[in-house]
Number of protein chains: 2
Amino acid sequence: MTRRMHRRHRLMSSGSGAGRSGNTDRESSASIDALIYRLGNFMELSEPDKQRLRESIVRSITVEKGKNLISENERPDHVHIVVDGWACRYKHLADGRRAILAYLIPGDVCDVHIALLDHMDHSVSTLTSVTFALIPRETVNHIFENYTSLAYAFFWASLVEESVQREWFVNNTGRPADKRLAHLLCEMQLRHRAAGLTQENCIDFPLTQQDLADAMGITVVHTNRVMQKLRGDGLIAYDNKQLTIHDWEALKAFGDFDPGYMHLTEEALKQ
Amino acid sequence: MTRRMHRRHRLMSSGSGAGRSGNTDRESSASIDALIYRLGNFMELSEPDKQRLRESIVRSITVEKGKNLISENERPDHVHIVVDGWACRYKHLADGRRAILAYLIPGDVCDVHIALLDHMDHSVSTLTSVTFALIPRETVNHIFENYTSLAYAFFWASLVEESVQREWFVNNTGRPADKRLAHLLCEMQLRHRAAGLTQENCIDFPLTQQDLADAMGITVVHTNRVMQKLRGDGLIAYDNKQLTIHDWEALKAFGDFDPGYMHLTEEALKQ
DNA sequence: CGGTGTCTTGACATTTCTCAAGTTGGGTGG
DNA sequence: CCACCCAACTTGAGAAATGTCAAGACACCG
């Protein structure tokens with residue numbers, strides 16, 4: 001009776017990779033492969049389902065660095081999916097600081113929430129220049145109501161995001177700043193790997209120390225010192241917006257990083 | 001084409017309230033009204049849907065205080081719903097401390113995750129003696145695949161929980177301990193009110209200071225001092241496991257509490 | 001070549017932790 | 001009914017982590 005879905009891992013559909021960096025013109029044709037790749041982590045999407053997703057995209061837009069895409073309390077008409085670049089969820093604190101709740105990288109859905117909730121409870125803005133693919137809200141609702149397997153896939157993605165949010169909570173609540181940073185870097189490395197955006201132990205890392213500080217809930221000054229410590233200990237290197245993890249096992253151990261919460265497949269973990 | 005669901009607020013079905021405290025024998029008949037009440041916050045469930053939910057419950061269990069209900073990495077066979085008492089989600093930190101991720105009160109679903117994910121990424125345990133209603137996982141999957149409106153309702157509950165988790169993240173990451181506690185108490189008061197579990201400005205509050213400390217990521221000692229401060233300032237009173245909020249507006253202001261993230265209806269907010 | 005954003009450094013202030021020792025209150029066996 | 005026991009709550013004093021402020025260094029861009 002119950003058709004169980006098993007987690008399966010598929011390579012991205014032939015010949016098309018989620019844009020690595022810079023602007024290839026593939027993106028302007030609303031490449032949603034990053035999302036399909038990600039959803040495919042949970043279940044194998046059928047060709048018709050994939051096609052359905054691709055056709056749902058009405059257009060794609062590019063937003064320059066540091067701009068608000070969605071503001072708290074709005075109800076956007078479209079669901080946005082990151083195709084290229086880094087964005088973040090955030091809220092403002094009473095004293096004016098910005099609390100970053102999540103980093104969004106290619107394949108991440110910014111706002112499924114608005115398919116069901118009547119307002120955004122946080123904002124989304126870009127940390128680099130970002131390209132988004134847009135699906136009308138009505139289309140998303142239509143998908144939910146007519147294609148169970150796609151609905152499952154979106155629900156799955158949402159549950160995984162919730163799990164990541166819980167781990168961020170644990171990270172910021174229970175670990176000192178140095179381990180906190182180590183843990184965060186481990187996660188970003190793995191998420192990039194799982195999205196096919198990494199060469200070896202190196203990822204594009206265009207964030208400023210302020211961006212990191214706002215996510216970890218510490219000051220820039222302290223972020224700087226903690227970063228120097230990790231560098232000094234030979235765990236990481238950072239140069240020209242490229243982050244290199246010199247000693248993955250050591251960084252993982254130091255940051256108490258256990259990737260179980262990311263719900264990745266075996267393949268994505270090893271790769 | 002798209003049938004939009006509007007948020008509606010309904011009183012609990014006649015004559016039955018979510019168990020207030022103590023053990024009434026109503027609970028042993030697998031009262032799931034707390035959940036129906038909660039889901040009903042988003043949309044009016046049809047009578048057949050309500051019936052479907054009630055019939056899904058195969059049994060209810062009572063677990064004594066301080067016991068693990070679900071452990072990390074397990075995949076329980078049933079979805080658990082709190083009917084009476086307080087439980088929590090938590091993870092262990094490397095140094096042995098416990099990080100509480102969420103408090104679960106009547107109407108909260110402990111583990112929908114396992115309908116889609118293959119393992120729990122955190123544990124659930126009781127903070128008081130707790131009664132749970134159980135729905136077999138297979139039944140939940142069946143509901144998802146055959147009753148769109150109920151599936152929507154569960155998805156909605158999951159999105160709201162995610163939103164609450166984000167706010168907990170902001171709270172612990174961006175606010176000092178005293179405001180953190182004020183914010184937490186505001187939330188618990190409102191959640192109880194929205195679940196019909198409050199008289200005036202007073203709620204059952206059976207948590208120890210250790211339970212609070214583990215949720216806020218501070219030590220018991222500091223929790224104690226901060227609590228005294230709120231009491232000293234005349235914001236709250238705490239006696240005999242009853243929490244009284246003397247000055248709601250002041251507590252709200254002090255804790256920067258804005259209930260938007262809870263996605264409650266107007267009615268639930270005013271009441 | 002100057003300017004602006006980002007990174008880095010130092011000295012001192014504040015929050016929170018640690019440890020260690022009471023105190024209180026409800027429950028339980030004699 | 002008393003005596004004691006244990007969990008929970010309180011208190012104090014000193015230590016550690018992180019914040020604040022202020023200034024200088026670096027680097028990229030127009």
Side-chain angles (χ1 to χ4, degrees), chain A residues 64-67 86 93-100 125-129 171-184 205-232 236-243 254-255, chain B residues 64-67 86 93-100 126-129 171-184 204-232 236-243 254-255:
Chain A
E64 63 178 316
K65 170 178 172 172
K67 294 292 173 217
W86 290 59
L93 295 170
D95 60 9
R97 280 178 301 153
R98 169 185 67 162
I100 292 184
S125 81
T126 56
L127 296 172
T128 65
S129 168
N171 199 34
N172 282 11
T173 292
R175 286 191 267 263
D178 48 2
K179 290 178 185 287
R180 201 178 289 187
L181 178 59
H183 190 282
L184 182 57
F205 204 81
L207 304 188
T208 65
Q209 293 187 356
Q210 184 67 61
D211 294 334
L212 283 169
D214 289 347
M216 295 190 292
I218 60 180
T219 56
V220 216
V221 173
H222 203 227
T223 301
N224 182 280
R225 301 201 224 258
V226 159
M227 198 137 199
Q228 287 178 56
K229 175 169 185 284
L230 295 193
R231 281 194 298 233
I236 63 167
Y238 177 68
D239 184 46
N240 195 30
K241 297 187 184 304
Q242 293 282 315
L243 173 73
F254 181 68
Chain B
E64 62 177 317
K65 170 178 172 172
K67 295 292 174 214
W86 289 59
L93 294 171
D95 60 9
R97 279 178 302 153
R98 168 184 69 161
I100 291 185
T126 56
L127 296 173
T128 65
S129 167
N171 199 34
N172 282 10
T173 293
R175 288 192 265 264
D178 47 3
K179 288 176 185 288
R180 202 179 288 186
L181 177 58
H183 192 282
L184 182 57
D204 279 345
F205 203 81
L207 304 189
T208 65
Q209 292 186 358
Q210 184 67 61
D211 293 333
L212 282 170
D214 289 348
M216 295 190 292
I218 60 180
T219 56
V220 216
V221 173
H222 202 226
T223 302
N224 182 281
R225 302 201 222 258
V226 160
M227 198 138 198
Q228 287 179 55
K229 175 168 185 285
L230 295 193
R231 281 195 299 234
I236 63 167
Y238 177 67
D239 184 48
N240 196 29
K241 298 188 183 305
Q242 293 283 317
L243 174 73
F254 181 68

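Chain letters run A, B, ... following the sequence lines, proteins first and then strands; every chain starts at 1. We use all heavy atoms of the structure for the numbers below, so side chains are in, but hydrogens, waters and symmetry mates are not.
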Could you give the CE-to-P distance, from M227(B) to dT10(D), as a whole number of Å? 8 Å
Specify the separation, in whole Å, of atom CG of D239(A) and atom C1' of dT8(C). 16 Å
Using a cut-off of less than 4.0 Å, is there contact between a side-chain N or O of R231(B) and OP1 or OP2 of dT10(D)? yes
CZ of R225(A) versus C1' of dT20(D): gap in Å, rounded? 10 Å
Round to the nearest Å and state the distance from D178(B) atom CG to dT14(C) atom P. 15 Å
Please tell me if Q210(A) has a side-chain N or O lying less than 4.0 Å from either OP1 or OP2 of dG5(C). no
Distance in Å, M227(B) CE paired with L212(B) CG, rounded so as to fall on 0.5 Å steps: 5.5 Å
Greater than 12 external heavy atoms within 6.0 Å of K67(A)'s NZ: no
D95(B) with R175(A): basic N within carboxylate O range, under 4.0 Å: no
Touch check for R175(A), heavy atoms < 4.0 angstrom, all strands: base, sugar-phosphate only, or nothing? nothing
Rounded to the Å, how far apart are N240(A) CG and dC26(D) P? 18 Å
Can you tell me how far apart CG (L207(A)) and OG1 (T223(A)) are? Round to the nearest 0.5 Å. 11.5 Å
Upstream residue (5' side of DNA chain D) when L207(B) and H222(A) are each assigned their closest nucleotide: L207(B)
Measure the distance from CE on M216(B) to P on dC17(C) and round it to the nearest whole Å. 10 Å
Counting just side-chain N and O atoms, does N224(A) come under 4.0 Å of either OP1 or OP2 of dC7(C)? no
Tell me which nucleotide among dT11(D), dG19(D), dT6(C) gets nearest to the side chain of V221(B). dT11(D)
Hey, is the side chain of Q228(B) poking within less than 4.0 Å of OP1 or OP2 on dC9(D), counting only N and O atoms? no
Any side-chain heavy-atom pair from I218(A) and R180(A) closer than 4.5 angstrom? yes
Assign V220(B) to base, sugar-phosphate, or nothing according to its heavy-atom contacts below 4.0 angstrom with the strands shown. nothing
Using a cut-off of 4.0 Å on non-hydrogen atoms, how would the nucleic acid contact of G217(B) be classed: base, sugar-phosphate, or nothing? sugar-phosphate
Within this structure, what is the OH-to-C1' distance between Y238(A) and dC26(D), rounded to whole angstrom? 14 Å
Nearest-nucleotide wise, let me know which of T219(A) and K65(B) is further upstream toward the 5' end of DNA chain D. K65(B)
